[in-house]
Amino acid sequence: MTLLKVAGLNKRFGGVIAAKGVTFELEAGDMLAIIGPNGAGKSTTFNMVGGQLRPDSGEVLLADKPVSGLAPRDVWRRGIGRTFQIAQTFVSMSVAENVQMALISWHGRILSFGARAQTLYRSEALDLLDLVGMRDDADRPVRELAYGDVKRVELAIALASAPKLLLMDEPTAGMAPKERSQLMDITATIARQRKIGVLFTEHDMDAVFAHADRILVLVRGEIIADGKPDEVRANARVKQVYLGDMGVAAAMRARRGRA
């Protein structure tokens, strides 16, 4: 089922064209990576889908309903969750409390603070933490966690709103290689089990080629390739303008890892 339809997105900042006719689709349960060199328009496209930027023209449809131009909170309410390059958590709270706060907000109980708030949606929070492998750390303060575990907590927070689409901005940034693989494995499993579409930007080509179902390559605001990892790996223009020898080597490592 086609979950996300992006049609003809255009965005200009003064004399700079950041996105030009960007068009693509994402199926429920699939993971789509957006890659490209610095200044390619990845963040611009990502933020137009998430509501942080309003497109000059074009349309974003989630489950056939328009969301382009809506405020980020309204986009969130329509079913788009998000994680950030730098994890967004409350470090003074426990792991479970972080997820409970997201659930309280999602259910419209944001004013229920104090002792009573500590019991609200705890069972649901623990279930989400179980999904990301963090249930045993539920009562630990987030400030005590390794950064890879903080990123898992942030994923649980994003899942608290039961999103149809999950946006992940550089999900493995700042993580050790093993942590990167574990986080993306968890994300892929959850996406397929819950039929959540995942749109992510990423500079780590190992993570991209090992976990993306499809890859979208942007250069100077335009899509130059859109296909499965093996197709993108073999694309002569992609190799010329972006991947180069290092990207091809990463693609080959990822391919061997899936074999």
Side-chain angles (χ1 to χ4, degrees), residues 3 28-29 31 46-47 49-52 62-63 67 70-175 179-180 182-200:
L3 172 68
M31 296 182 66
F46 198 74
N47 288 328
V49 174
Q52 285 76 27
L62 181 69
V67 296
L70 296 178
R73 181 171 181 82
D74 294 327
V75 170
W76 175 63
R77 281 287 174 192
R78 296 288 182 93
I80 299 181
R82 180 164 184 172
T83 67
F84 296 85
Q85 183 174 350
I86 300 174
Q88 305 292 304
T89 57
F90 297 105
V91 296
S92 62
M93 291 184 175
S94 72
V95 168
E97 286 169 346
N98 268 266
V99 183
Q100 286 174 261
M101 286 298 294
L103 288 163
I104 288 169
S105 178
W106 176 246
H107 289 286
R109 302 285 295 276
I110 195 64
L111 297 179
S112 300
F113 290 109
R116 185 163 174 251
Q118 295 177 357
T119 64
L120 286 174
Y121 307 111
R122 181 173 170 85
S123 177
E124 292 92 329
L126 293 178
D127 288 342
L128 289 171
L129 290 171
D130 195 35
L131 272 180
V132 301
M134 290 297 294
R135 186 181 181 121
D136 290 345
D137 296 283
D139 294 316
R140 290 183 64 189
V142 169
R143 63 175 175 268
E144 294 181 358
L145 301 179
Y147 190 64
D149 289 338
V150 174
K151 296 288 266 187
R152 293 196 195 198
V153 175
E154 188 190 34
L155 176 58
I157 291 170
L159 294 171
S161 60
K164 301 181 185 76
L165 172 67
L166 180 61
L167 305 180
M168 302 183 78
D169 185 8
E170 297 285 346
T172 70
M175 299 173 69
E179 292 175 328
R180 295 173 190 171
Q182 290 172 342
L183 179 68
M184 297 307 290
D185 284 343
I186 290 168
T187 302
T189 298
I190 293 171
R192 292 180 181 117
Q193 288 178 344
R194 298 196 166 199
K195 296 298 180 183
I196 300 171
V198 178
L199 179 66
F200 69 103

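These values consider heavy atoms only, across backbone and side chains, with no hydrogens, waters or symmetry-generated copies.
- When all heavy atoms of Pro163 and Gly81 are compared, the closest pair comes out as CB-N, 3.6 Å.
- Taking all atoms of both residues into account, the shortest heavy-atom contact from Gly51 to Val75 is CA-CG2, 4.1 Å.
- Under the 4.5 Å side-chain criterion, counting only non-hydrogen atoms from C-beta, Arg122 is not in contact with Val99.
- One distance of note links CG of Leu159 with CD of Glu154; it measures 10.5 Å at 0.5 Å rounding.
- Checking side-chain atoms of Thr172 against main-chain N and O of Met175 turns up no donor-acceptor pair under 3.5 Å.
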Worked check of side chain to side chain contact (heavy atoms under 4.5 Å, CB included) between Arg77 and Trp106: CA-CA 8 Å; Arg77 281 287 174 192; Trp106 176 246; 3.4 Å; yes
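- The CG atom of Asn98 sits 12.5 Å away from the CG atom of Leu128 when rounded to the nearest 0.5 Å.
- Nearest heavy-atom pair across Arg78 and Leu62 is O-CD2, 3.4 Å.
- We find the CH2-CG distance between Trp76 and Asp74 to be 10.5 Å, quoted to the nearest 0.5 Å.
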Side chain to side chain donor-acceptor pair (under 3.5 Å) assessment of Arg82 paired with Gln88: CA-CA 10 Å; Arg82 180 164 184 172; Gln88 305 292 304; over 6 Å; no
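- Thr89 and Val142 make their closest contact through OG1-CG1, 3.6 Å (heavy atoms, listed as atom of the first residue, atom of the second, distance).
- Across Phe200 and Met31, no two heavy atoms sit closer than the pair CE2-CE, 3.9 Å.
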Derivation of the side chain to side chain contact (heavy atoms under 4.5 Å, CB included) call for Leu155 and Leu166: CA-CA 9 Å; Leu155 176 58; Leu166 180 61; 3.7 Å; yes
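- The shortest distance between side-chain heavy atoms of Thr83 and Asp169 does not fall below 4.5 Å.
- Only one option out of Leu145, Leu126, Asp136 pairs with Val95 in a side-chain contact (heavy atoms from CB on, under 4.5 Å); it is Leu145.
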Side chain to side chain contact (heavy atoms under 4.5 Å, CB included) assessment of Leu120 paired with Leu103: CA-CA 8 Å; Leu120 286 174; Leu103 288 163; over 6 Å; no
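- The closest donor-acceptor contact from the side chain of Arg192 to the backbone of Thr187 lies at 3.5 Å or more, if one exists at all.
- A distance of 9.5 Å separates CG of Asp139 from CG of Leu129, quoted to the nearest 0.5 Å.
- Taken to the nearest 0.5 Å, the NZ atom of Lys195 stands 16.0 Å off from the NZ atom of Lys164.
- Considering every non-hydrogen atom in both Ala191 and Val198, the closest pair reads CB-CG2, 3.8 Å.
- The closest donor-acceptor contact from the side chain of Glu179 to the backbone of Asp149 lies at 3.5 Å or more, if one exists at all.
- Using modelled atom types, no side-chain atom of Ser105 and backbone atom of Met101 make a donor-acceptor pair closer than 3.5 Å.
- Under a cut-off of 6.0 angstrom, the local environment of CZ in Arg194 is sparse, with at most 12 non-hydrogen atoms contributed by other residues, nucleotides or ligands.
- Heavy-atom contacts from other residues, nucleotides or ligands closer than 6.0 Å to CZ of Phe90 number 12 or fewer.
- The CE atom of Met134 sits 13.5 Å away from atom NZ of Lys151, with the distance rounded to the nearest 0.5 Å.
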